[in-house]
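If you read the sequence from its start, that first residue is 1, and numbering goes on from there. Both counts, for ligands and for their atoms, begin at 1 and track the order of listing.
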Amino acid sequence: MQPSMYREEITVGILALQGAFVEHQTMLQKLSLKQRINIVQVRTPEDLAKCDALIIPGGESTTIALLARLAGLLGLLRDFVKAKPVWGTCAGAILLAQAVEGTKKGGQELLGGMSVTVMRNGFGSQVESFEAPLEVDGLRDSDRPFHGVFIRAPVVLSLNPSPNDPPIEVVSRLSASLLPHNQTAIPLDVDDTDPCDPRTIVALRQRHHLLTTFHPELTKDDRFHEYFIRQCVLPSLS
Ligand SMILES: NC(=O)CC[C@H](N)C(=O)O
């Protein structure tokens, strides 16, 4: 394979079984990068085989897992995660986690790939969905906060990399100090001044995998999509 700097085209798949996949596609189409981005809506093993990288959208993680099994994709997605960059947003983030809490009896099928434990709906139910400005390390124009949209979002409970796992980089945390004056608290009973509390983490990267508990595709800001391509996808192609 050619080194990334010589790749003129990259093919990014978006798992298109359920959830906000069209919004991710719209965002990728807006990016202006040197490389041309081919976008594939992934519904079959043949679709997945074309992809250099994959985005798993928000939606309902249990439904996405069930539909992936029915489509004969579950095992192939697990293999894909072991080999290529994947970004999970919200429900997609849950699927990328190694372990999940807060599922009903019988549990939930995951893809794994990131050494984290998350709690489904950890911020509460639909009515407790919220928006918050975020400081994000490594984004273009990073002085400008990113608008985080949290819809029945998962909470990161712990980071559990074993010694042989790639290190985890925290990309963004919730911070009450960034909230507008009329929104006094983040809807989570944590001390956001404790820099080590994993429950304030809302974006993290582990080698070429990216996890965001919020929805960058529901904004007009393409900086996270650019971040995924630049920080996760292009380095994996070299
Ligand atoms: N906005 C979302 O993706 C919500 C995720 C949903 N709570 C789940 O468990 O899958």
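- In this structure, R120 does not pair ionically with E101, as no charged nitrogen and carboxylate oxygen lie closer than 4.0 Å.
- Of the polar atoms of T89, none of the N or O atoms is found under 3.5 Å from an N or O of ligand 1, judged by distance alone.
- For D137 and S172, the side-chain atoms include no donor-acceptor pair closer than 3.5 Å.
- In E60, the parts holding a heavy atom less than 4.0 Å from any atom of ligand 1 are both the side chain and the backbone.
- No N or O atom of G58 sits closer than 3.5 Å to an N or O atom of ligand 1.
- Considering each of G92, G59, A65, the one bringing a non-hydrogen atom nearest atom 6 (C) of ligand 1 is G59.
- R36 has no carboxylate O lying under 4.0 Å from a charged side-chain N of E8, or vice versa, which leaves the two without a salt bridge.
- For R207, there are no salt bridge (charged side-chain N to carboxylate O under 4.0 Å, His left out) partners two or more places apart in sequence or in a different chain.
- Under the side chain to side chain contact (heavy atoms under 4.5 Å, CB included) test applied with S61, the options L96, L95, T103, V118 reduce to a single match, L95.
- Each of the following atoms of ligand 1 lies closer than 4.0 Å to a heavy atom of N121: 6 (C), 7 (N).
- No donor-acceptor pair closer than 3.5 Å links the side chain of Q25 to the backbone N or O of Q41.
- Atoms of ligand 1 found under 4.0 Å from any heavy atom of I151 (numbered from 1 in listed order, with element): 1 (N), 2 (C), 4 (C).
- Regarding atom 9 (O) of ligand 1, its nearest protein heavy-atom neighbour is R120 NE, 2.5 Å.
- Residue contacts with ligand 1: S61 is placed with a nitrogen or oxygen under 3.5 Å of a nitrogen or oxygen of the ligand (distance criterion only).
- For ligand 1 and H215, the ligand atoms under 4.0 Å from any heavy atom of the residue are 1 (N), 2 (C), 3 (O).
- Applying the 4.0 Å criterion to heavy atoms of I94 picks out, from ligand 1, the atoms 8 (C), 9 (O), 10 (O).
- Polar contact check, C90 against ligand 1: no nitrogen or oxygen pair lies under 3.5 Å apart.
- With salt bridges taken as basic N to acidic carboxylate O contacts below 4.0 Å, none links D221 and K30.
- For the residue pair S162/D165, the side-chain donor-acceptor check at 3.5 Å is satisfied.
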